[in-house]
Amino acid sequence: MSEEFSLKEINKVKNPENLTVMEKKHLPIIDAPSTVEKGKPFPVKVKVGGIDGVEHPNMLGHWINWVELYAGDIPIAKVTFAPIISNGYEVTFKISLEESTVLKAREYCNLHGVWEGDEITGGTKKITVK
C-alpha cells in the first residue's frame with residue numbers, strides 16, 4: 001500500500017489523470033509566459049493548491065511554510081509564509097533568464113512535507129528565451 005505523502009522525499013503526482021485531495025491542495029502551480037526576451041524581467045506566479053477548489057488550510061497547526069522557484073535544479077527565489085496572517089498561498093516573482101530552461105516550483109507544508117508539481121499539473125513550465 002502506498003502512502004499518501006512522504007516526509008523524507010519530495011512528494012510528486014502519482015497519477016495526473018486522477019489527483020488525490022492531498023495533491024489538489026499541495027501542488028504548486030506556475031503561471032508564466034512560454035517565451036521571454038533574454039535578460040528582460042518577467043512575472044512568474046506560483047499558487048499552492050486550489051485545484052478543483054480544494055484549498056490548503058491556513059491555520060496555526062497546518063500551513064504552507066514556504067514556496068521556492070527553480071530554474072532547472074538551481075534555486076532562484078523563495079518566499080516564506082506565516083500561519084493565519086498570510087493571505088493565501090500565491091506569490092509573484094519577477095525574474096529574468098539568459099537561456100531557455102524549465103521552471104520548477106516546490107512548497108513545504110508543515111505537516112505533509114515538500115511537494116513539487118509536474119508539467120501536466122502546471123508545477124513545471126518550459127520557458128524559451130529569445
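Around CD of Glu9, the count of heavy atoms belonging to other residues, nucleotides or ligands within 6.0 Å does not exceed 12.
Minimum heavy-atom separation, Pro28 to Val46: CB-CG1, 4.1 Å. Nearest approach of Gly117 to Thr124, heavy atoms of both residues: O-CG2, 3.9 Å. For the pair Arg106 and Tyr70, the tightest heavy-atom approach, listed with the atom from each and the gap, is NH1-OH, 3.4 Å. Residues Pro16 and Ile120 approach most closely at CB-CG2, 3.6 Å, considering heavy atoms. Ser100 and Thr128 get closest at one heavy-atom pair: OG-CA, 3.4 Å.
At least one side-chain heavy atom of Leu103 sits under 4.5 Å from a side-chain heavy atom of Ile95. Considering only heavy atoms from C-beta on, Glu23 comes within 4.5 Å of Trp115 through its side chain. In this structure, Val79 and Phe93 have side chains that are in contact, with non-hydrogen atoms separated by less than 4.5 Å. Contact annotation: the side chain of Val129 never approaches that of Thr101 to less than 4.5 Å [non-hydrogen atoms, C-beta and beyond]. Looking only at side-chain heavy atoms (C-beta outward), Val67 and Phe81 come within less than 4.5 Å of each other. Contact check for Pro57 versus His62: side-chain heavy atoms found under the 4.5 Å cut-off.
Under the salt bridge (Lys or Arg N to Asp or Glu O under 4.0 Å) criterion, no residue pair touches residues 121-130, with sequence neighbours excluded. Applying the side chain to side chain donor-acceptor pair (under 3.5 Å) definition to pairs two or more places apart or across chains, those involving residues 36-52 are Lys24-Asp52, Lys47-Glu55. Within the structure, salt bridge (Lys or Arg N to Asp or Glu O under 4.0 Å) pairs that include any residue of residues 57-69 comprise Glu68-Lys78 (at least two apart or interchain).
Lys104 is linked by a salt bridge (charged side-chain N to carboxylate O under 4.0 Å, His left out) to Asp73, counting only residues two or more places apart in sequence or in another chain. Looking at residues two or more places apart in sequence or on another chain, you find a side-chain contact (heavy atoms from CB on, under 4.5 Å) between Thr121 and Val13, Leu19, Leu27, Asp118.
In this structure, Glu107 CD and Glu116 CD are separated by 11.0 Å, a value rounded to the nearest 0.5 Å. The line from CD1 of Ile29 to CD1 of Ile51 is 4.0 Å long, rounded to the nearest 0.5 Å. Expressed to the nearest 0.5 Å, how far CD1 of Ile127 lies from CZ of Phe42 amounts to 5.0 Å. A distance of 13.5 Å separates CD in Glu90 from CD1 in Ile64, rounded to the nearest 0.5 Å.
Taking the six-membered ring where the residue is Trp, Trp66 and Tyr108 present parallel rings, their angle staying beneath 30° rather than reaching 60°.
Under the 3.5 Å distance criterion, the side-chain polar atoms of Asn65 are left unmatched by any main-chain donor or acceptor of Cys109. Checking side-chain atoms of Asp31 against main-chain N and O of Val44 turns up no donor-acceptor pair under 3.5 Å.
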As a quick check of understanding, evaluate side chain to side chain contact (heavy atoms under 4.5 Å, CB included) for Leu7 and Leu111, giving each step before the final call. CA-CA 8 Å; Leu7 293 175; Leu111 292 181; over 6 Å; no

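As a member of the Ile/Leu/Val/Met/Phe/Trp/Tyr network built from side-chain separations under 4.5 Å, Leu60 groups with Ile84.
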